[in-house]
Amino acid sequence: MIPTSHLSHIYRASWGNLTDFYQLTMAYGYWKQQRHEQLATFHLYFRRHPFGGTYTVAAGLALVADYLQNFGFSAAEVQYLGSLKGADGKRLFSETFLHYLQRLKFTGDVYAVPEGTVMQPHMPLIRVEAPLLQAQLIETALLNLVNFSSLIATKAARIRQVAGTDKVLEFGLRRAQGIDGALMASRAAYIGGVDATSNVWAGQYLGIPVKGTHAHSWVMVFVDELQAFAEYAEALPNNCIFLVDTYDTIEGVKKAIQMGQQLRAKGHRLLGIRLDSGDLAQLSIAARELLDAAGFEDAAIVASNDLDEYRVQALKEAGAQITTWGIGTRLITGKDEPALGGVYKLSALQQADGSWSPRIKLSEQAIKTSNPGRQQVRRFVNAQGYWLADVLYDLDLLPKDKITLEAYGAATPTSISLPIAANGNDLLEPIILAGELRYAFPTLAEVRTFRASQIRAFEARGNKPYIYGLETQLAQTKAALLAQYNVE
């Protein structure tokens, strides 16, 4: 059971053709060359943080597990593949290969960092060890599920940090990148720290709290604003946050207060008001004064209107009296950073004798040169929980006494030594072994709490750059491969 996912609850399971075409052509090539069962290691990681930040929140793992547990090719998918032709007009894939695909299931191993983990560039979020053909076919789907989820979770975490203890609501469904883009984003935003969503699907399928009252159209239906508020209060007296800026905002606040007094007389309460336009700082200050003077000190002031972490910060610095932030477009779409640059690279192949041969992808751009070997990330912390460093090491080359780190991003080569037994935790955990789920997934609320603890631990170091990099022996292996290919 994967309680924090939604794929198999909503969509038909199999998803074999949820891939890029070249994955299938390569798979066919591996199969024809009888290399399809050779064990391979791939790693999914990203090359730089989104939004110019200093951390990325890993998300999407439950979706990945759901996908892999239901991976396969339906009869309809195989039939479609059988209809594809090559440049000579002949069938592209053989009948025997298509029959093979129809029986295919994922039988490999998956190790991953738990959702909500704060990660650094080049440190793998997922390691896949599986028959080459299987590991290749799942690349596109894994990147789709992890890249977008991690992007939105990171954006939400940034907003949550700025908002502090204020409520944060996700209002992005109408501006999201398609139906499932909205559902995945609501899920990721909740992991990242929002308190609730307007997306009722997300409430139904994922158990995320849902919030919302009324729009401008409700007010415009009635003769005047006061009648609109009165009719809404009559219909939903236990859900009254009035949108006050349809006409004159301050007058709208006064009418909301009038309705609040009537609600109180009937044993209900005015939950708050919402501002959706104008000078949100000044309007919220004026609204707070009016509400407090009328005895509604506990009434929330909700603000929306193209907000993100930068506008929230600016409004707070301007003295805004906003207590709840409705974040829509700029959160749900990852405004200013439309995609996380996650990649999935082959790093090792198992040989006939059982040993592993490292592989590396080269580039004239150093940032695009991959790391070889079967990788694990060890995070070192001190006794107080202060994070010291993240070390990427090869499972086959783990030192016995201490780890020496070659740090990324240093202007000059930087090495530090860390005791291997002291406060070191490996981040990649077994999720699927031999195709079977082995991980007990937490609830989304638990993931959200874990993400908050990760952010606190990361931020405890202050403004010092966080240290992460390659264990020395892995760095030497990488250097040897670069020299083999005559790359300086």
Side-chain angles (χ1 to χ4, degrees), residues 159 163 166-177 179 182 185-186 189 194-203 209-263 268-291 294 296 299-308 311-312 314-315 318 320-333 335:
I159 294 169
D166 296 346
K167 295 287 185 182
V168 179
L169 310 178
E170 178 264 301
F171 285 171
L173 175 57
R174 65 188 59 196
R175 301 280 177 78
Q177 316 293 27
I179 295 172
S186 292
V194 306
D195 296 288
T197 178
S198 66
N199 186 343
V200 181
W201 250 26
V210 293
K211 295 291 183 182
T213 54
H214 68 80
H216 294 108
S217 55
W218 174 271
V219 177
M220 295 161 66
V221 163
F222 297 94
V223 173
D224 58 38
E225 203 166 32
L226 188 59
Q227 183 191 7
F229 293 168
E231 296 292 349
Y232 189 85
E234 178 67 24
L236 294 128
N238 58 353
N239 193 49
C240 286
I241 294 179
F242 297 119
L243 180 59
V244 296
D245 71 332
T246 306
Y247 305 119
D248 181 285
T249 301
I250 297 302
E251 288 302 313
V253 175
K254 293 176 181 178
K255 292 182 175 69
I257 289 171
Q258 188 175 339
M259 280 311 309
Q261 292 166 339
Q262 294 183 30
L263 282 165
H268 300 291
R269 56 187 286 258
L270 174 65
L271 300 180
I273 63 165
R274 180 159 73 96
L275 306 170
D276 190 52
S277 61
D279 187 331
L280 296 179
Q282 293 305 311
L283 288 172
S284 68
I285 292 170
R288 184 79 274 159
E289 291 176 355
L290 290 170
L291 289 165
F296 295 104
I301 297 179
V302 184
S304 49
N305 188 25
D306 286 336
L307 299 177
D308 58 14
R311 289 206 65 200
V312 171
L315 285 165
Q321 296 297 298
I322 297 161
T323 56
T324 302
W325 305 88
I327 317 289
T329 305
R330 292 172 181 264
L331 168 57
I332 209 77
T333 64
K335 177 71 174 179

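Under the 3.5 Å distance criterion, the side-chain polar atoms of Arg330 are matched with a main-chain donor or acceptor of Asp306. The closest donor-acceptor contact from the side chain of Ser284 to the backbone of Gln321 lies under 3.5 Å.
In this structure, Asp245 CG and His216 NE2 are separated by 3.5 Å, a value rounded to the nearest 0.5 Å. Considering CD of Glu225 and CZ of Phe222, their distance stands at 12.5 Å, rounded to 0.5 Å. Note: Ile322 CD1 to Leu280 CG = 5.0 Å, rounded to the nearest 0.5 Å. For the atom pair Leu226 CG and Glu231 CD, the distance stands at 10.0 Å (nearest 0.5 Å). Here the straight-line distance linking atom CD1 of Ile273 with atom CD1 of Ile241 works out to 10.0 Å at 0.5 Å rounding.
Of all the heavy atoms in Leu270 and Ala256, the pair that sits closest is CD2-O, 3.8 Å. The two residues Ala189 and Leu331 have their closest heavy-atom pair at CB-CD2, 4.1 Å. Nearest heavy-atom pair, Leu307 versus Ile327, reported as atom, atom and distance to 0.1 Å: O-CG2, 3.3 Å. Between Ser186 and Ile332, the closest heavy-atom pair is N-CD1, 4.3 Å. The nearest pair of heavy atoms linking Trp201 to Asn199 is N-OD1, 3.1 Å. Of all heavy-atom pairs spanning Asp276 and Asn305, the tightest one is O-CB, 3.3 Å.
For Glu170 and Thr197, the side-chain atoms include at least one donor-acceptor pair closer than 3.5 Å.
When side chains are defined from C-beta on, Asp224 counts as touching Gln227, because their heavy atoms get closer than 4.5 Å. Contact of the Arg269 side chain with the Phe296 side chain is not registered, since no non-hydrogen atoms from C-beta on lie closer than 4.5 Å. Put simply, the side chain of Val219 reaches to within 4.5 Å of the side chain of Tyr247, judged on heavy atoms. Contact of the Leu271 side chain with the Asn238 side chain is not registered, since no non-hydrogen atoms from C-beta on lie closer than 4.5 Å. No side-chain heavy atom of Leu243 sits less than 4.5 Å from a side-chain heavy atom of Thr213. Proximity of Val312 to Val168: side-chain heavy atoms (C-beta onward) are nowhere separated by under 4.5 Å. Residues Thr333 and Gln177 form a side-chain contact, since some pair of their non-hydrogen atoms from C-beta on lies under 4.5 Å apart. Within the 4.5 Å cutoff, the side chain of Val244 has no heavy atoms near those of the Lys255 side chain.
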Take Asp308 and Thr329 through the test side-chain contact (heavy atoms from CB on, under 4.5 Å) and record every step on the way to the result. CA-CA 9 Å; Asp308 58 14; Thr329 305; over 6 Å; no
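Heavy-atom contacts from other residues, nucleotides or ligands closer than 6.0 Å to CZ of Arg175 number 12 or fewer. Leu236 CG: more than 12 foreign heavy atoms inside a 6.0 Å radius.
Between Phe229 and the options Glu234, Met259, Gln258, a side chain to side chain contact (heavy atoms under 4.5 Å, CB included) holds for only Met259.
Below 30°, between 30° and 60°, or above 60°: for Phe242 and Tyr232 the angle between ring planes is above 60°, a perpendicular geometry.
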